[in-house]
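Some notes on the structure that comes next.
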Amino acid sequence: MSYQVDKKGYYGDFGGAYIPEMLYPNVEELRRQYLDIMKEESFQKEFKELLRDYVGRPTPLYYAERFSKKYGTKVYLKREDLCHTGAHKINNTVGQILMAKRLGKNRIIAETGAGQHGVATATVCALMGIECIVYMGEIDIERQAPNVARMKMLGAKVVPAKSGSRTLKDATNEAIRDWINNPLDTHYIIGSVVGPHPYPDMVARLQAVISEEIKVQLKEKENRENPDYVVACVGGGSNAAGAYYHYLDTPEVGIIAVEAAGKGIESGESAATSALGKEGIIHGSKTLLMQSEDGQITEPYSISAGLDYPGVGPMHANLFRSGRGEFISITDEAAMKAGLELAKLEGIIPAIESSHALAIFEDRKFKEEDIVVVNLSGRGDKDLSTYIDYFKL
Amino acid sequence: MNRIKNTLAQDKKLLSIYFTAGYPEPGNTVSIIKDLEKSGVDFIEIGLPFSDPLADGPTIQESSGVALKNGMTTKKLFQQLEGIREEVEIPLIIMGYFNPILQFGVEEFCKRCAAVGIDGLIIPDLPVEEYNEKYRDIFEKHGLSNIFLITPQTSEERIRFIDSVSEGFIYMVSTASVTGSTKGFSQETRDYFKRISAMNLRNPQIVGFGISDEETYGQATKFAKGAIIGSAFIKHLNSGGKHDIPGFVKAIRPV
């Protein structure tokens with residue numbers, strides 16, 4: 001049994017394309033072409049060159065010596081925080097903009113929560129000279145002013161999503177509605193491994209460069225390709241999908257997914273989908289999602305905007321249900337503490353999303369000889385005001 | 001299914017009205033249905049509110065939000081519809097997104113629909129392939145027509161496939177848009193109506209999206225069997241607390 005997507009676009013019970021007929025031609029066009037396009041030599045060449053010369057890949061695999069010593073195990077950090085624009089998100093947007101060009105699309109839309117994916121999309125649109133419209137919840141626009149300004153500087157139009165709860169899920173709804181209204185010239189760059197097939201697989205493949213590099217780098221450092229564990233935070237789950245990708249079907253590598261417990265799983269203010277979610281449909285995909293008994297999608301909460309999503313990608317839902325992945329949830333408090341700790345021990349200020357992955361070491365014990373790779377998905381610059389408020393810095 | 005087929009067999013152009021259950025007031029589902037029938041509407045689409053209605057524009061989104069705040073649920077809707085068949089004869093169709101139906105249980109949902117006298121379902125985010133493979137037997141067992149959408153971008157091959165799976169009518173989305181656009185129909189849209197009409201499909205077509213007045217109703221029904229009005233009716237229901245359902249219907253289709 002494989003943990004990769006099957007021919008029908010499912011990961012076990014999860015995935016598929018539950019979309020209105022209005023989206024069918026666009027999604028079907030993408031489904032028919034994405035693998036062929038990604039295999040093209042010219043695509044691969046352009047993608048790899050941009051990842052190297054523009055994004056700054058490969059990102060280092062860094063042995064965190066003091067952090068390792070504190071927790072009595074061997075911890076490597078995959079430094080996605082060093083990517084251009086500050087997080088792994090740009091791996092996907094570089095790939096998708098090349099895809100959009102080959103599909104003949106000249107207008108790009110995207111959704112964004114905290115603004116990281118919006119900035120990464122606006123960046124590649126500026127690079128290619130393509131029109132860019134980013135949907136962002138009205139509440140997030142207020143909370144994330146610096147990223148809104150960055151997108152504007154990069155030439156993107158930021159459109160407030162005023163429906164529903166006015167956050168990420170509503171921004172996604174608005175982007176989908178835009179795509180329904182503009183079926184011919186527009187490509188929708190989804191920022192995570194969510195949405196209708198083929199998006200979860202396409203985004204996972206574009207992020208798979210993360211685990212591809214880990215394999216090579218670990219071989220150089222430890223003379224082995226496989227760590228004992230790969231750890232990543234999961235909101236929608238794109239950085240996790242990239243970090244796990246080449247290990248999914250290697251059972252000796254443990255997969256650890258870290259979700260945001262918010263103020264605690266039972267608090268009513270949480271985003272821990274595996275603990276709180278049930279099977280359902282969100283944004284065109286059958287997956288685990290947080291919802292009422294009546295099937296209304298509920299609003300998640302996390303201090304970290306990047307983990308504030310009521311679902312998870314279908315790959316992760318399958319890792320959870322099958323038991324292939326170990327799912328841990330981390331509260332705001334534990335994440336913030338871990339972020340501060342990494343800053344003090346290693347001189348690296350992580351994004352609060354990534355801090356969730358770092359926080360597991362407090363309770364989840366590893367053997368001294370274990371090699372644990374943590375995907376450090378983003379840097380903490382964007383979170384400075386949250387860190388300042390929280391720690392009264 | 002027979003009620004839908006009997007209505008479609010009538011020698012006239014049909015008018016269907018959509019409203020969101022639980023809007024503007026939680027308790028007026030039955031009275032709206034009765035008023036619509038009395039006003040001469042041919043069939044009714046009852047919207048099951050959803051938190052994330054992807055294919056809908058602002059008007060229906062807002063009505064869904066209000067309905068949910070009013071406490072409307074799938075269970076409540078079925079309670080309200082109990083006994084409706086003692087009073088109402090025209091076909092009743094539930095239009096809703098798939099997630100609430102999935103949570104209710106597809107089989108249980110269909111059973112309840114049949115029990116209260118629902119004739120068909122429109123589930124925009126349940127693709128025809130998934131329906132065919134997993135749910136068709138359940139729907140058919142309970143005598144429910146599942147209505148599929150086509151759009152100006154749907155290929156001829158796919159339209160033929162959808163026609164082969166459909167029992168009742170095909171919901172023809174007028175333009176590439178979410179619900180509630182009111183710009184009138186372009187020549188291109190009218191050509192699309194004509195093109196579909198010329199395909200001589202098994203199932204008649206009813207046009208939806210973008211129909212708001214007598215003119216757009218007339219344009220849509222020139223080539224199609226009927227037309228559906230949703231957002232314009234929702235707006236009417238919200239126009240200052242007073243609504244005049246017979247007057248609204250008469251303005252669309254003068255007797």
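Sequence lines set the chain letters: A, B, ... in the order given, protein chains first and strands last, and positions in each chain run from 1. Only heavy atoms go into these numbers, but all of them, side chains included; no hydrogens, no water, no symmetry mates.
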Using side chain to side chain donor-acceptor pair (under 3.5 Å), reason through B:Lys76 and B:Asn70 one step at a time and then give a plain yes or no. CA-CA 11 Å; B:Lys76 253 187 205 162; B:Asn70 283 340; over 6 Å; no
Check: A:Tyr199 ring centre within less than 6.0 Å of A:Tyr34 ring centre: no
Between the CD1 atom in A:Ile282 and the CG atom in B:Asn99, the distance rounded to the nearest 0.5 Å is 8.5 Å
Looking at B:Leu149, B:Val178, B:Thr151, which has the largest count of heavy-atom pairs under 4.5 Å with chain A? B:Val178
Determine whether the aromatic ring centres of B:Tyr97 and B:Phe50 lie less than 6.0 Å apart. yes
Flag side-chain contact, heavy atom, 4.5 Å: B:Thr29 against B:Ile32: no
Indicate yes or no: at least one non-hydrogen side-chain atom of B:Tyr23 is less than 4.5 angstrom from one of B:Pro49. no
Quick one: are B:Met72 and B:Leu77 in side-chain contact, heavy atoms under 4.5 Å? yes
Quick one: what part of B:Phe209 sits under 4.5 Å from any heavy atom of chain A, side chain, backbone, both or neither? side chain
Please list, chain by chain and in numerical order, all residues satisfying side chain to side chain donor-acceptor pair (under 3.5 Å) with A:Ser270, sequence neighbours excluded. none
Evaluate whether atom CD of B:Gln187 has more than 12 neighbouring non-hydrogen atoms of other residues, nucleotides or ligands under 6.0 angstrom away. yes
Region of B:Ile162 that comes under 4.5 Å of a non-hydrogen atom in chain A: side chain
Chain B interface, residue from A:Gln291, A:Glu28, A:Lys8, A:Glu279 that has the most non-hydrogen pairs under 4.5 Å: A:Gln291
Among the options B:Gly65, B:Ser155, B:Pro100, pick out the one with the most heavy-atom pairs lying under 4.5 Å from chain A. B:Pro100
Do you know which of B:Thr154, B:Asp125, B:Ile101, B:Leu102 has the most heavy-atom pairs under 4.5 Å to chain A? B:Asp125
Could you give all pairs that pass the salt bridge (Lys or Arg N to Asp or Glu O under 4.0 Å) test and reach residues 200-210 of chain B, with sequence neighbours left out? B:Glu167-B:Arg202
So which residue, A:Lys286, A:His283, A:Met22, A:Arg177, ends up with the most heavy-atom pairs under 4.5 Å with chain B? A:Arg177
Select one option (side chain, backbone, both, neither) describing which atoms of B:Phe104 are under 4.5 Å from chain A's heavy atoms. neither
Would you call B:Asp163 and B:Arg160 a salt bridge, taking side-chain N to carboxylate O under 4.0 Å as the test? no
Using the rule given for ring-ring contact (aromatic ring centres under 6.0 Å, His included), can you reason through B:Phe169 versus B:Phe148, listing the C-alpha separation, both sets of side-chain angles and the distance that settles it, and then say yes or no? CA-CA 8 Å; B:Phe169 63 89; B:Phe148 293 101; over 10 Å; no
Engaged part of B:Ile123 at the chain A interface, taking heavy atoms whose separation is under 4.5 Å: neither
Go through the steps for A:Ser165 and A:Asp170 under the test side chain to side chain donor-acceptor pair (under 3.5 Å), then give the verdict. CA-CA 7 Å; A:Ser165 52; A:Asp170 310 284; 2.6 Å; yes
Engaged part of B:Glu129 at the chain A interface, taking heavy atoms whose separation is under 4.5 Å: side chain
For residues 308-322 of chain A, give me every residue with a non-hydrogen atom less than 4.5 Å from any non-hydrogen atom of chain B. none
Out of B:Pro58, B:Gly57, B:Pro152, B:Ala55, return the one with the most heavy atom pairs under 4.5 angstrom to chain A. B:Ala55
Determine, for A:Arg205 against A:Asp201, whether the closest basic-nitrogen to carboxylate-oxygen distance falls under 4.0 angstrom. yes
Per-residue contact mode, B:Glu130 against chain A (heavy atom under 4.5 angstrom): side chain
Answer with yes or no whether the side chains of B:Tyr171 and B:Gln205 bring together a donor and an acceptor at under 3.5 Å. no
Just to be sure I understand the criterion: a residue of residues 293-302 of chain A counts if one of its heavy atoms is under 4.5 Å from a heavy atom of chain B. Which ones qualify? A:Glu293, A:Asp294, A:Gly295, A:Gln296, A:Ile297
So, B:Glu140 and B:Arg136, do they make that salt bridge, N to O below 4.0 Å? yes
Measure A:Tyr24 against the heavy atoms of chain B and call it side chain, backbone, both or neither at under 4.5 Å. side chain
